[in-house]
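Let me begin by presenting the structure, written as C-alpha cells, before commenting on it.
Treat the numbers as computed from the prediction; the structure is a model and nothing was measured.
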Amino acid sequence: MKNLSSALLSMCLAFGPASAGYAAGNAAAPTVAIQTVTLDVQNMDCPVCPFTVNKALEKVPGVSKVSVNFYAKTATVTFDPSKTNAQALARATGDAGFPSTVRK
C-alpha cells in the first residue's frame with residue numbers, strides 16, 4: 001500500500017501545476033472580468049423565437065452563457081469582453097431577425 005501511495009504522489013507531482021508551466025510562488029495568469037448584459041429583444045412573437053435568438057448569441061465568440069426569456073422579451077448574456085462586446089451581441093440578434101438594444 002505504501003508503494004501505491006508513493007507512486008500516486010509521484011504522479012501528482014509529475015503532472016501537477018508545475019508541469020503546466022506554473023512555478024511555485026509565481027502569480028496566477030491574469031484573468032479577464034466576465035461581463036453580463038441584458039438585451040431587450042424585439043420581434044419575439046412565438047415560443048420558438050427564443051431558440052433562434054439563443055443560437056445566434058451562442059455563435060458569438062466569447063459568449064459563455066445565454067438565457068432568453070420569451071415573456072419578458074429579453075436575453076441575458078454572459079461574455080468575455082476581450083472577445084466581444086454588447087454591440088456585437090445586439091448585431092447578432094438583429095442579423096437573426098430579432099433587433100435588440102442593451103438594457104440600461
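- Ser64 has its side chain out of reach of Phe79: every pair of non-hydrogen atoms, C-beta onward, lies at least 4.5 Å apart.
- Looking at residues two or more places apart in sequence or on another chain, you find no side chain to side chain donor-acceptor pair (under 3.5 Å) involving Thr101.
- Both Val66 and Tyr71 belong to a single network of hydrophobic side chains, linked directly or stepwise wherever heavy atoms of I, L, V, M, F, W or Y lie under 4.5 Å apart.
- Rounded to the nearest 0.5 Å, atoms CZ (Arg103) and CG (Leu39) are 9.5 Å apart.
- Atoms CG and CD, from Leu89 and Gln35 in turn, are 10.0 Å apart once rounded to the nearest 0.5 Å.
- Taking each heavy atom of Ala56 and Ala92 in turn, the nearest pair found is CB-O, 3.8 Å.
- For the side-chain contact (heavy atoms from CB on, under 4.5 Å) criterion with Thr93, the lone passing option out of Val60, Thr52, Asn54, Val53 is Val53.
- Geometric assessment of Lys73 against the ring of Phe70 yields a positive cation-pi assignment under the 6.0 Å and 45° thresholds.
- Closest non-hydrogen pair, Glu58 versus Val63, comes out as CA-CG1, 4.4 Å.
- Residues Lys65 and Val77 fail the side-chain proximity criterion, which asks for heavy atoms closer than 4.5 Å.
- The backbone N or O of Gly97 sits less than 3.5 Å from a side-chain atom of Asn43, completing a donor-acceptor pair.
- Gln42 has its side chain out of reach of Ser100: every pair of non-hydrogen atoms, C-beta onward, lies at least 4.5 Å apart.
- Taken from OG in Ser67 to CG in Leu57, the straight-line distance is 11.0 Å, to the nearest 0.5 Å.
- Note: the hydrophobic cluster containing Val41 also contains Val102 (ILVMFWY, side chain heavy atoms under 4.5 Å, direct or indirect links).
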Stepwise side-chain contact (heavy atoms from CB on, under 4.5 Å) test for Thr76 and Val37: CA-CA 6 Å; Thr76 303; Val37 67; over 6 Å; no
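- Between Asp80 and Ile34 the shortest side-chain heavy-atom distance falls below 4.5 Å.
- Between Thr78 and Thr36, the side chains place a donor N or O and an acceptor N or O closer than 3.5 Å (distance only, hydrogens not considered).
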